[in-house]
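Here's the structure we're looking at; comments come further down.
Convention: sequence-line order gives letters A, B, ...; per-chain numbering from 1.
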Amino acid sequence: MSENLLPKTYDFSTVEERIYQEWEKRGFFKPTNDPHQPGFDPDRRPFVISIPPPNVTGELHLGHAMFVAMEDLMIRYHRMKGIPALWVPGSDHAGIATQLQVEKMLAGEGLKREELGREEFVRRTWDWKHKYGGMITRQIRRLGASCDWDRERFTLDDGLSKSVREAFVRLYEKELIYRGPRMINWSPGLKTAVSDLEVEYSEEPGFLYYFKYVLADDPETFIPVATTRPETILGDTAVAVHPEDERYAHLVGRKVLVPILNRAIPVIADDYVDKAFGTGALKITPAHDPNDYAIGQRHGLEVINILTPDAAINEHGGPYAGLDRFACRKKIWADMQEAGLVIKEQPYTLNVPRSQRGGEIVEPMISTQWFVEIKPLAEKALAAVRDGQIRIVPERFTKVYYNWLENIQDWCISRQLWWGHRIPVWYCDDCGATLVARQDPTSCANCGSAKIRQDEDVLDTWFSSGLWPFSTLGWPEKTADLDYFYPTSYMETGYDILFFWVARMIMFGLEFTGQVPFHTVYLHGLIRDGNGHKMSKSKGNVIDPLGLMDELGTDALRFTLLVGSTPGNDMNLSPKKVEANRNFANKIWNAGRFVLGTLDAAPEQAAAEPQWTLADSWIWARLQNLEREADRLFSGFQYGEAGRQIYDFFWSEFADWYLEIAKLQMADGGDRAYYTAQTLARVLDSCLRLLHPFTPFVTEELWGHLKSTCQQKPGAYQPKEGWAEMLIVAKWPEPQAAGAWEEEKVNDFSLLQEIIRAVRNLRTEKKMTPGKRIAATFAAGERLPLLQAQSKTLAALAYIDPQQLTIVENLAEKPQDQASLVVAGVEVYLPLTGMVDMASEQARLQKELDETQSQIERLEGLLSSPFGQKAPAAVVDKERQKLANFKETAASLREQLQGLK
RNA sequence: GGGCGGUUAGCUCAGUUGGUUAGAGCGCUGCGUUGACAUCGCAGAGGUCGUAGGUUCGAGUCCUAUACCGCCCACCA
């Protein structure tokens, strides 16, 4: 029993790192058909995933753990199917996040970004990246990620920077990139423009301020106007009313005076105005409101920007210049009150736009920025999903995707940051020319002047991430990798970045490579805490995956994430669940330990052809069924359900039943023991394979022991295709069509289980000397052959003394003073120890009979209803069979009741 | 304003071509430990599947309406 030197409890802490290094060292993370290796076969199609690149600033959170677990499962599954599998890892420079992080670090040294200057700041950010950037990838390795680390990329490395440059220039040359003043979202804290997607709206209490716009030539007459942002009055260039609003019709065309500043502005009429809202008159600030901007365009209004980059009032604000926007709001309102211009203020719920990163209130502002004209790209991206070139899982997200792309606005791609891909545009100070170039120019292509300077801005981080599936494979170079591995297969990520990232990859992929970047988008849900709340540092409910792995093991965490989630649905994670799955890992370990022990004890050869027992056939049939189910569920992306079924099979069927029976069969010795050991090893082997994509470490470790045990022992189990080097590259169990014999074996065994459970139940209920073997009598009727054949198993699992076990077809006389029951037509009698409580025994049987009787009535009703005619014959037969069984049971119960009297 | 998801056992959730007694884990109750595992075993209690209609021989599953919770998009000052 040498193998039982294995520890009684699975100790993941000594296993995980060793196994991971072994996999990596032996090169299993690399695709088996690599274009860089001799013997490469371009016709063997690969399976490819590009990792969603985590931020270099990142620390592992459960969102990362989720996608790593899911993608690793997908990769391992395909790898085991013999498909060359490539998982390209990497990380994202994450412009804003990283810049903020480094600024925070510098602040600790009392330094400011502006004081250091751009060049020095970028240098320090690279230092920071080199120092801490590896942390996230180390943590991803801990999760067991089988990425090809030799192909690891960073969005700001040379190759990817080249891709970004190429993409920008191509779009510019196609006139799909332009620069100009447009309404953008300005983040005053970050001092940069951000895209629409980076703004989040939150409902917050505020006020609606009502005030007077007095006529320029008649101070007694005014138009009442309401606003939520009084400071924007400083930028007003018109007051608008609805054309059909008779209250104000006579004032259209007149001039009114901007409060405090006393600028005269026109009263205009525009359909946009809602007569019913507020006062029905709308102040127009074209520079600081998107709708006002549109109205301003229609009416040729002046655009007055009143804000500085940090959202203080600028020189256009007259006496308020230099004041912060919110200080100005208070001050101007107080001043207006004094001037008698205020009507009232009313509590009002605002929908405040805030920066997704910094959290501060974002200001709509006219600013000169770079944009991608996105409609032409969006159309192709829409078509690719519509015509099925790309499938989104779960399917409902296609609608969301369509909706967004159909209403898409031009994408603001410039950011006023220092960390990122600098916009490849130069301006000539001498001739004013704009130069856009793949190579950094040293002089003006137009006039030859050396006095050129590069645009200060960098690109939105998502611009480079949008290229990720092909830039990581070498694009725009025509590399062997790009040729072979592109388009990739699945894009697996959270639904929260469907627009940010997925849609942009599709647009860019089609635009730059003429192909879809992947054919399937699999979206997982978000991880919430045990109560369904979003995890956040401020709430203090963040669960740290590293802590969970330390405490409960990587396999437990992975299994929890994979099995607890369904596509596109959020999941709540609690440590309790992970603990339960730690127990499962331990169960696998111990079942494995037992099997290894029996293999050692088994004979080295058999004398004859196998005579399979019912249990052998049953477990084999169930395993085949499991393999078919796993295959069906995997191809339908139902990984969670597949995991659950494997779990159930392993624990409730293999461990709870077959292992117990195997102990008996081993005790028989000889051929029985030999073939039992074969079955044990075979089923364990298959289970480890099926489980490996979910729980790679414990299965690999155990499989290693299984392999060496079998290899050392003559006559031991061998997989059909021989032993693979390690489980990670072992063959995935291919499902076989169901054999005709399977159903009968499964039915017979189920019946046996039912009888055993019933006996155990009765023993418990009657409190019959626990742990002691008892006598039993079975009147089996037509089940006689089955029970006789299975008498040993029956006795052992139902704790019956084999010497006192009686199995007959029918009893002439019902035994007296016995507890009895009927199950599936088999009558069971157990001697009652102690006092026979006739009354309670009678009551119990009567209750049984009543229940059976009501089932009979239910089924008779059902069968005489139209169901009997219209339902398929197979379904009806099943019910008829049930009815017959119940009737048989009822008859037996009645006899037993008679016997008691 | 538009769209989506959820509502199933005390708690957290499965349940994908509609098949007739609805499942798991945790928790709970009772019993059990010299041989794979107490991170365990055996047995048990616990649900009119949000509500109201409809389709069907048959609905947790399909349709319609509705309530509550959550999310996304749009951004009426």
Mind telling me whether [Y] and [X] have parallel, tilted or perpendicular rings, with 30° and 60° as the class edges?
X	Y	result
A:Tyr522	A:Phe637	tilted
A:Tyr639	A:Phe634	perpendicular
A:Phe499	A:Trp404	parallel
A:Trp589	A:His705	perpendicular

Please list, for nucleotides 16-18 of chain B, all pairs of protein and nucleotide N/O atoms separated by less than 3.5 Å.
residue, atom, partner, partner atom, Å
B:U16, N3, A:Gln638, NE2, 3.3
B:U16, O4, A:Gln638, NE2, 3.1

Checklist entry - Looking at A:Phe12 and A:Glu551, what are the two nearest heavy atoms and their distance? => result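 Answer, listing the atom of A:Phe12 first, then A:Glu551: CZ-O, 3.4 Å.
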
Checklist entry - Which heavy atom in A:Pro286 sits nearest to a heavy atom in A:Leu301, and how many Å separate them? => result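 Of all heavy-atom pairs spanning A:Pro286 and A:Leu301, the closest is CG-CB, 4.3 Å.
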
Between [M] and [N] - [atom1] atom distance, rounded Å:
N	M	atom1	answer
B:C37	B:G32	C1'	15 Å
B:U8	B:G3	P	25 Å
B:G10	B:A22	P	16 Å
B:G1	B:G47	C1'	39 Å
B:G46	B:U34	C1'	36 Å
B:C72	B:U64	C1'	25 Å

Of the listed nucleotides ([options]), which one gets closest to any side-chain atom of [X]?
X	options	answer
A:Glu641	B:C26, B:A36, B:G15	B:G15
A:Arg396	B:C4, B:C76, B:U39	B:C4
A:Asn403	B:C73, B:C37, B:C76	B:C73
A:Trp651	B:C76, B:C40, B:A36	B:C40
A:Asn291	B:A43, B:C75, B:A36	B:C75
A:Tyr647	B:A77, B:G25, B:C75	B:G25
A:Thr764	B:A36, B:G30, B:C4	B:G30
A:Asn586	B:U39, B:C76, B:G5	B:U39
A:Asn351	B:C71, B:A77, B:C75	B:C75
A:Val875	B:C76, B:G19, B:G5	B:G19

Next on the checklist: Would A:Lys344 pass as a cation-pi partner of A:Phe207, given that its NZ or CZ must be under 6.0 Å from the six-membered ring centre and within 45 degrees of the axis?
Outcome noted: no

Check whether any side-chain nitrogen or oxygen of [X] sits under 4.0 Å from OP1 or OP2 of [N], and answer yes or no.
X	N	result
A:Lys8	B:C37	yes
A:Asn761	B:G44	yes
A:Arg760	B:A43	yes
A:Lys772	B:G32	no
A:Lys576	B:C11	no
A:Lys577	B:C26	no

Checklist outcome for this item: Sorted by chain and residue number, the salt bridge (Lys or Arg N to Asp or Glu O under 4.0 Å) partners of A:Asp410 (sequence neighbours excluded) come out as none

Next on the checklist: Once salt bridge (Lys or Arg N to Asp or Glu O under 4.0 Å) is applied, do any residues pair with A:Asp236, and if so which ones, sequence neighbours excluded?
Outcome noted: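 Per chain and number, A:Asp236 pairs via salt bridge (Lys or Arg N to Asp or Glu O under 4.0 Å) with A:Lys283.
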
Item to check | RNA chain B: 5'-proximal contact among A:Arg229 and A:Thr9 (nearest heavy atom) | outcome: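 The 5'-side residue here is A:Thr9.
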
Next on the checklist: Tell me if the centroids of the rings in A:Tyr401 and A:Phe397 come within less than 6.0 Å of each other.
Outcome noted: no

Next on the checklist: Under 6.0 Å between ring centres: does that hold for A:Tyr209 and A:Phe211?
Outcome noted: no

Please classify the nucleic acid contact of [X] as base, sugar-phosphate, or nothing, using heavy-atom distances under 4.0 Å.
X	value
A:Ala240	nothing
A:Phe654	nothing
A:Asn581	nothing
A:Val273	base
A:Tyr10	nothing

Report, one pair per line, the protein and nucleotides 55-63 of chain B atoms (nitrogen or oxygen only) whose separation is under 3.5 Å.
residue, atom, partner, partner atom, Å
B:C57, OP1, A:Lys870, NZ, 2.8

Checklist entry - Is any NZ, NE, NH1 or NH2 atom of the basic residue among A:Glu200 and A:Arg354 found under 4.0 Å from an Asp or Glu carboxylate oxygen of the other? => result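 Looking at A:Glu200 and A:Arg354, the cut-off is not met.
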
Are a donor atom and an acceptor atom from the side chains of [X] and [Y] found within less than 3.5 Å of each other?
X	Y	answer
A:Trp333	A:Glu231	no
A:Tyr495	A:Asp570	yes
A:Ser854	A:Glu851	no

Next on the checklist: Wobble G-U and Watson-Crick pairs count when both distances are under 3.5 Å; given that, what is the 5' to 3' dot-bracket string of RNA chain B, with | for pairing to other strands?
Outcome noted: (((((((..((((.....[...)))).(((((.......))))).....(((((..]....))))))))))))....

Next on the checklist: Heavy atoms within less than 4.0 Å of RNA chain B: which residues of residues 876-884 of chain A have one? Give them sorted by number.
Outcome noted: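 Listed by number, they are A:Lys878, A:Glu879, A:Lys882.
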
Next on the checklist: Rounded to the nearest 0.5 Å, what separates atom CG in A:Leu659 from atom CG in A:Leu684?
Outcome noted: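 It comes to 9.0 Å.
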
Next on the checklist: Suppose we call a contact any N or O donor and acceptor under 3.5 Å apart; does that hold for the side chain of A:Glu660 and the base of B:A36?
Outcome noted: yes

